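Comments concern the structure below.
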Number of protein chains: 2
Amino acid sequence: MKEEKRTALIEEVLGTTRNQQQEVQALQDTIYVLGGKWRLPIINSLCNGNKRFREIERSIPGITTRMLSRELKDMEANQLIKRTVIDSFPVVVEYTPTDYCHSFGDIILEMIKWGKDHRARLKLSKR
Amino acid sequence: MKEEKRTALIEEVLGTTRNQQQEVQALQDTIYVLGGKWRLPIINSLCNGNKRFREIERSIPGITTRMLSRELKDMEANQLIKRTVIDSFPVVVEYTPTDYCHSFGDIILEMIKWGKDHRARLKLSKR
DNA sequence: CATACTGGTATACTTGGTGATACTGGTTAC
DNA sequence: GTAACCAGTATCACCAAGTATACCAGTATG
């Protein structure tokens, strides 16, 4: 028996492999749910208190009306946000994050942190 | 002057808006660097100690040889990983993460956590 | 000898995410 | 009255990301 295969067997028996598989699964699930360029920025914007369509749109550089519309619809269908039509005059539409949506908070925080560090690194290396 | 515009102006003067803009920037930067389905799973696999091409391939469900090959090349060009050819007999190729690569650790951790919670939630709601 | 492994490359194909642009019907500010 | 705002929808088209499949030369296993 080859050394590699023995190692593999031992790992399987001890459960290391299974844990790893579980983690890759979890990671891929999350990536799937967060798929695309716009999900996280939209969630972030909502969590920052933006509620109105154009308000959200303005808060995300590069997004088009079309993409925002599509994503919001999709996210509403997936219980990530709530769409409320306020029967005032004129009618106002508000989007609010659900609790489920807030559960992405830590991921977003870490990604913002990474992005900021990244910028800092680039500035340093330019000097 | 409309109430909304006043609020916007006040926010801009006080800096809230600028901070938000900075954060969206950072977030979008990170999303860009991590772009695609495979980056994070590959980084995760490498950080878990997988070094060999087929080893990494096996550790990521669904990835094809082609995508792995492309991503590894790209990541090497971007200093995320190091490719080492070990001059043994037969020749062996090893991929190892750089420090830079390790800086994604926290993001990955949070995403794995989310994915696991997500599965747990689904199981609960099925009962 | 056959089979399966290693570290990939080559070719052909598809698809959906995204961009660009325009439009609607109503409201409000100047 | 006209210009700009609101909350979107419609249509067209592109292309990078991804899939599928086969292939290579070499090595180890039984």
Side-chain angles (χ1 to χ4, degrees), chain A residues 1-9 28 31-43 45-46 50-78 81-96, chain B residues 1-9 28 31-43 45-46 50-78 81-96:
Chain A
M1 196 184 249
K2 237 169 106 187
E3 186 55 32
E4 243 178 75
K5 285 189 179 170
R6 274 200 59 200
T7 314
L9 182 58
Q28 288 188 306
I31 291 170
Y32 177 75
V33 175
L34 260 32
K37 277 166 80 172
W38 306 114
R39 276 291 153 88
L40 282 176
I42 292 171
I43 294 174
S45 177
L46 288 167
N50 298 311
K51 292 177 190 308
R52 312 281 298 276
F53 190 88
R54 297 293 178 191
E55 200 179 10
I56 301 164
E57 190 180 11
R58 275 192 305 266
S59 76
I60 302 169
I63 200 167
T64 56
T65 326
R66 184 176 177 270
M67 287 315 293
L68 180 56
S69 171
R70 279 173 54 117
E71 289 293 313
L72 286 176
K73 230 179 254 171
D74 212 72
M75 289 166 74
E76 196 198 350
N78 289 301
I81 57 175
K82 223 179 69 186
R83 183 179 186 270
T84 322
V85 179
I86 296 168
D87 202 8
S88 56
F89 191 76
V91 169
V92 159
V93 182
E94 274 191 12
Y95 294 93
T96 44
Chain B
M1 196 185 247
K2 238 169 105 187
E3 186 54 31
E4 244 177 74
K5 284 190 181 170
R6 274 199 59 200
T7 315
L9 181 59
Q28 287 187 307
I31 292 170
Y32 177 75
V33 175
L34 260 34
K37 278 166 81 172
W38 306 116
R39 275 290 153 88
L40 282 174
I42 292 172
I43 293 174
S45 177
L46 288 167
N50 298 311
K51 292 177 190 306
R52 311 283 297 276
F53 190 88
R54 298 292 177 192
E55 200 179 10
I56 300 163
E57 190 180 11
R58 275 192 304 266
S59 76
I60 302 170
I63 200 168
T64 56
T65 326
R66 186 173 178 270
M67 287 315 294
L68 181 55
S69 172
R70 279 172 52 121
E71 290 292 314
L72 286 175
K73 229 178 254 171
D74 211 71
M75 290 166 76
E76 196 198 352
N78 288 300
I81 57 175
K82 226 179 67 188
R83 182 178 186 272
T84 321
V85 180
I86 296 168
D87 202 8
S88 56
F89 191 76
V91 169
V92 159
V93 181
E94 273 190 11
Y95 294 93
T96 45

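Chain identifiers are assigned alphabetically (A, B, ...) following the order of the sequence lines, protein sequences preceding nucleic acid strands; residue numbering begins at 1 within each chain. Just so it is clear, the structure is predicted and the values come from calculations on it, not from any experiment.
If you take CZ of A:Phe53 and P of C:dG26, they are 19 Å apart, rounded to a whole angstrom. Protein atom CZ of B:Arg39 is 10 Å distant from nucleotide atom P of D:dG18, rounded to whole Å. Counting to the nearest Å, the P atom of C:dG19 and the CD1 atom of A:Ile63 are 8 Å from each other. Atom CZ in B:Arg70 sits about 8 Å away from atom C1' in D:dG18, given to the nearest Å. To the nearest angstrom, P of D:dT9 lies 10 Å from CG of A:Leu68. At whole-Å resolution of the value, CG in A:Leu40 and P in C:dG17 are 16 Å apart. As a whole-Å value, the separation of B:Leu72 CG from C:dG8 P is 8 Å. As rounded to whole Å, 12 Å separates atom P of D:dT9 from atom CD of A:Glu57.
Mapping B:Thr65 and B:Glu71 onto DNA chain D by nearest heavy atom places B:Glu71 closer to the 5' end of the strand.
Checking the phosphate oxygens (OP1, OP2) of C:dT6, a side-chain nitrogen or oxygen of B:Arg58 falls inside 4.0 Å. Phosphate proximity of D:dG8 to A:Ser69: absent, as no side-chain N or O sits under 4.0 Å from OP1 or OP2. Between B:Lys37 and C:dG16 there is no side-chain N or O to OP1 or OP2 distance below 4.0 Å. Phosphate proximity of C:dG8 to B:Arg83: present, with a side-chain N or O under 4.0 Å from OP1 or OP2.
Atom-to-atom distance recorded for B:Thr96:OG1 and B:Glu94:CD is 7.0 Å, nearest 0.5 angstrom. A distance of 13.0 Å separates CG in B:Leu46 from NZ in B:Lys82, rounded to the nearest 0.5 Å.
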N/O donor to acceptor pairs below 3.5 angstrom from side-chain atoms of residues 59-66 of chain B, sequence neighbours left out:
unit_1: B:Ser59; atom_1: OG; unit_2: B:Ser45; atom_2: OG; d: 2.7
unit_1: B:Ser59; atom_1: OG; unit_2: B:Ile56; atom_2: O; d: 2.7
unit_1: B:Thr64; atom_1: OG1; unit_2: B:Met67; atom_2: N; d: 3.3
unit_1: B:Thr65; atom_1: OG1; unit_2: B:Glu57; atom_2: OE2; d: 3.1

Tabulated below should be each protein N or O lying under 3.5 Å from an N or O of nucleotides 10-15 of chain D; please produce it.
unit_1: D:dT11; atom_1: O4; unit_2: A:Arg66; atom_2: NE; d: 2.8

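Contacts of A:Glu71 classified as side-chain hydrogen bond (donor to acceptor under 3.5 Å, both in side chains), with partners at least two apart in sequence or in another chain: A:Arg39. Annotation: side-chain hydrogen bond (donor to acceptor under 3.5 Å, both in side chains) contacts of B:Arg70 (sequence neighbours excluded): none. With sequence neighbours left out, A:Glu55 forms a side chain to side chain contact (heavy atoms under 4.5 Å, CB included) with A:Asn50, A:Lys51, A:Arg52, A:Arg58.
Ranking C:dT27, D:dG18, D:dG8 by closeness to the A:Pro90 side chain, first place goes to C:dT27. In the set D:dT9, C:dT6, C:dT18, the nucleotide with an atom closest to the side chain of A:Trp38 is C:dT18. Side-chain proximity of B:Thr64 to D:dT19, C:dG17, C:dT9: nearest is D:dT19.
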Starting from the C-alpha separation in whole Å, work towards a yes-or-no answer on side-chain contact (heavy atoms from CB on, under 4.5 Å) for B:Val85 and B:Val91. CA-CA 7 Å; B:Val85 180; B:Val91 169; 3.4 Å; yes
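Using a 4.5 Å heavy-atom cutoff, the side chains of B:Val93 and B:Tyr95 are in contact. Between B:Gln28 and A:Trp38 there is a side-chain heavy-atom pair separated by less than 4.5 Å.
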For DNA chain D, the dot-bracket notation using Watson-Crick and G-U wobble pairs below 3.5 Å, [ ] for pseudoknot-type crossings and | for other-strand pairs, is ||||||||||||||||||||||||||||||
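B:Leu72 and B:Ile81 make their closest contact through O-CD1, 3.4 Å (heavy atoms, listed as atom of the first residue, atom of the second, distance).
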